[in-house]
Amino acid sequence: MRERDEGRRLAPGHRLLLRLHPAEYRADFGQAMEETLAARWLEARRRGRRARARFWTRETIGLLTSAAVERLRAAGYTRRPREGAHRTKGGIRMMEGIGREGRHAVRRLVRSPAFALAAVVTLGLAIGANAAIFTVVERVVLSPLPYADADRIVYLDHGARGLDRMRGLSTTSGLHWQYAQRARTVRDVTLYQNIELTAPGAEGAVNIPVARTTEAFTRVLGVVPALGRWFDAEEARPGGAPVVVLSHGYWQRQYGGARDVLGRTLMLSGGAHEVIGVMPRGFAFPSRETEMWIAHQLDETNVRVASFNFEGIGRLADGVTVETARAELDGLIAQLPQDFPGDESSLAVVEQAGTFSSAVPLKDWVVGATGRTLWILLGAVGIVLLVACANVANLFLVRAENRQREVSVRQAMGAGRRSIAGFYLAETAILAAVGGALGFVLAVGGVRLLVALGPESLPRLHEVGIDASVILFTMVLSLLAALVLGAIPLLRRSAGLAASLHESGRANTATVLRMRARNVLMGAQVALALVLLIASALLGRSFQRMRAVDPGYVAESALLIRLGQLTTMSYETREEAVAFYETLLARIRAMPGVRAAVATTCPPLSSYCHGDPVSLPGRPWNVGDLPPIASFRRIGDGYFQALGIRLIRGRFFDERDHSSPTRAVVIDERMAELYFPGEDALGRQIYAMNEEDAPYEIVGIVNHVMTWGVTSRDQPPQIYLPLLSHTADNTPRVHAMSLVIRTDRDPMDLVPAIRAATTELDAAVPLALVTTLDAMLRADRAPMAFAMTLIAIAGAVALLLGLIGIYGVISYLVAQRSAEIGVRMALGARPGDVAGMILRQGASVAVAGLVVGFVVAVAGSRLLNALLYDVSATDPATYSIVAALLLGVALLACWLPARRAARLDPVDALRNG
Amino acid sequence: MTDSNDDGRAPVGDLPFHILLALGDGPAHGYAIGKDVEDRSGGRLDPTTGALYQALKRLSEEGLIAPAAAPESEESADARRKYFALTAHGRSAVAAEARRLESLVRAAREKKLYPASA
């Protein structure tokens, strides 16, 4: 089956090229060509890289040619080649004609190197930038996920009107069960959880990212293990034999790809699992890191309707749209209270939270908001390409004017329209081809740079590489550029032969039409540059705002280490677990360079600390209302001091909180404001709603700490509990904690010593995550930094090209009008008048461009909103500052040639003009 | 002898002639034809898929070849394949072209140009 699919694959871009053939031709030969191409491609792939590249290049050219020729034939452009001899001669004549025109064009271009270089570099830059961004967009957003019929897979997300969340709640085991039993629009559903398990490694224990999922997982994704099998229904039931399926990478690394891995036993967090299968190479779901899959042993008796801590995907039944599926799932949600009468929370899920299905195609979920960023970037570089084309078009206009005489002579000697068109097209084709080649080289570098700089969070970025689609895209862009640019001088030619011969005596002022064309191009450049500059200024301000956000702690010189989970077998009680951490921390504190070392269940910017409901004494919550939420975290001694979290009122934890049975908690200012508005929260009591326990007492208020991300606004308020106190409950669990170690040297230097100390204490505990608080903060800001940098580059390039364009146009204008200027000056005009005249002309075009750009920017601002933080997309200050700056720069670009005009010697001007 | 043969037919081009030859053993599909052309010409002719099908189309239009059913031995193969076979017209065109080439070879022999003298 796989082999067969392999044999049906086409080389990138070829399907598209087949589609370029006329419909009739495709009906006759499309399928057969596809088959031949696929067979040849398979053969080329087997022969290696060079054969692949050769195949692709040859076939691409072949397909382009046959598409073009057949299109022409279909349109009736054919001298039906009945007479072979004639055809050959005609063909040769045509080829010779093209060759000759090409050679002449090269010679002409070599004679004006400045023009050729300017055109090639401008086009190359713009094409390169477009091809680079397009490559990323193509791979990340456009190409389907690597699963069979991937567009039928939906991510079973949920929203809740009552919580004001339209999406992003993921799913629960109860919802999964409901869908699995009753849904008809979704054929198979599965749920999964990313967990971490500890496995023995060569140098102590290692932490393994594992997905816990159901039996339907492989059916939904349409994959089969490359070796062995997936778990069956028996193994996925409670009490089933513990089995594990390995990723291809793990199998290769740990077992050297040995086929007898099947049946071996693997100890995962203390439990023996039998290896029953290996997934195919490259399969990486739910995450790139997933190394193993184990069965989630689920049955009707242990599902929870209300705990949204799973993720789920499903495969749509044939012919069903996502909308239809959503409607059915909504119906099933409404039925939950009847179907799960034992689970009281189902009523809350339906009535209070107002849960609804927000299922989306899996790809939309994977690509997420990044898709929009990438489209915006592609738009930005597209604008740069337009500016570049406008620039080169202007160069061509000027050049066409200068060559008017040559063309007229050719025409007078009997050259037809076609030959004149060839004259221009040959030049543009050569320029576009060389520009495209340069663009391709730049694109290759650009893509490497994008992949290197792109934030980790950019999905599928590791899949991005230069492939045929880039080459194709570059070729198409160059072709378009050639056609557009080549057409410009031809349009201009409508003035007619007689007129151009008449005016060819002396340089005259340009005709109104010509002038208008240039002005439009120049104004368009200003407008486009303004749009890009406003976008980059808005993003820059957002980034500045974001950097200015106080994360609530001091990030510098601090190591963050998440430890693997302590197994409850070795650490039965909380005291035992805490004792382990205290011993480890004591050893770390003794290391040179360590200023402080503390433990917490929830370090800053760790996305996994969620909120739990709380209740406030004397403030009953109406049934039907949603309870107040707070995020609980346990912390070791000295945590606030070590992280630089500020005390606002009250006190930090101290000695009395471990020994005495007080139930002291510290809350953050957000909680004080939200739940005790206008009151003093100190000394007040608060209950955790899930416990039948005594209340907590608030002893201190500290500042809020960013936990979900610097720009995330709906983070729940925070409650801190000491590690050891209130032993009755164990929420949050202390069996998986993170250490924050503040140092006075490079924090990463300490990692080997800490790893050794941990292994010495308990060889079964791995370091699951090792990073610094600084790196976490940078990673959090990375997506915006990435977008901002790229748009700023696009803006800068557009500005530069725009400037060159304006300067070129005005300079040309001055040169053209030097005779007129000479006359004016001879008649008594002062240099200032002349400069003013030129400047006014440029300024009026620039202002018109600014107005247009302003309107476009305001209209398009909505698109940018999603990328901005704390800045309005129509921020008037940004708009006016950027517009003023651009006007200033445009005037400068006009002023330089204007000054030259003012310095003209009237005698010279009249003589040479 | 002139360039034209007795039917007054124009000579068949290099690639078309090779394609017609490839069909000499019976119906074949595009990929196999391409392979045969490449092998027979010693790699001198290696048409791209685009060029190959254009040539097949021309030959069909000129009535030298026609679509055909898959031979029984290949029935299980890919359904997208399109098989071509020589028409009677095509057979006589191959014969005429071969005759023409033969006469050219004879002429070369008479003028002692072939086989090349050492």
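Reminder, nothing fancy here: chain letters follow the sequence lines and each chain counts from 1.
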Closer than 3.5 angstrom, by distance alone: can the side chain of B:Arg80 be matched with the main-chain N or O of A:Gly30 as a donor-acceptor pair? no
Taking A:Met33's backbone N and O only, do any of them form a donor-acceptor pair with B:Lys82's side chain (distance below 3.5 Å, no angle check)? no
Search all heavy atoms of B:Gly34 against all heavy atoms of A:Arg40 and return the closest pair with its distance. CA-NH2, 3.8 Å
Is it true that a side-chain atom of A:Gln31 and a backbone atom of B:Arg81 form a donor plus acceptor pair closer than 3.5 Å? no
Hey, could you give me the OG1/CD distance between B:Thr49 and A:Glu59, rounded to the nearest 0.5 Å? 3.0 Å
Given heavy-atom pairs under 4.5 angstrom as the criterion, report whether the side chain, backbone, both or neither of B:Ile33 touches chain A. neither
Bottom line for A:Tyr25: the part with an atom under 4.5 Å from chain B's heavy atoms is side chain
With side chain to side chain donor-acceptor pair (under 3.5 Å) as the criterion, how do B:Gln54 and A:Ser66 come out once you've worked through the C-alpha distance, each side chain's angles and the decisive distance to 0.1 Å? CA-CA 7 Å; B:Gln54 280 189 284; A:Ser66 78; 4.6 Å; no
Could you go through the salt bridge (charged side-chain N to carboxylate O under 4.0 Å, His left out) check for B:Lys57 and A:Glu70 one step at a time? CA-CA 10 Å; B:Lys57 184 182 182 211; A:Glu70 293 305 325; 3.4 Å; yes
Which heavy atom in B:Tyr53 sits nearest to a heavy atom in A:Ala32, and how many Å separate them? OH-O, 3.1 Å
Just so I know, are the side chains of A:Arg58 and B:Asp46 near enough to count as touching, which here means a heavy-atom distance under 4.5 Å? yes
For the pair A:Glu43 and B:Lys35, find out whether any cationic side-chain nitrogen is under 4.0 Å from an anionic carboxylate oxygen. yes
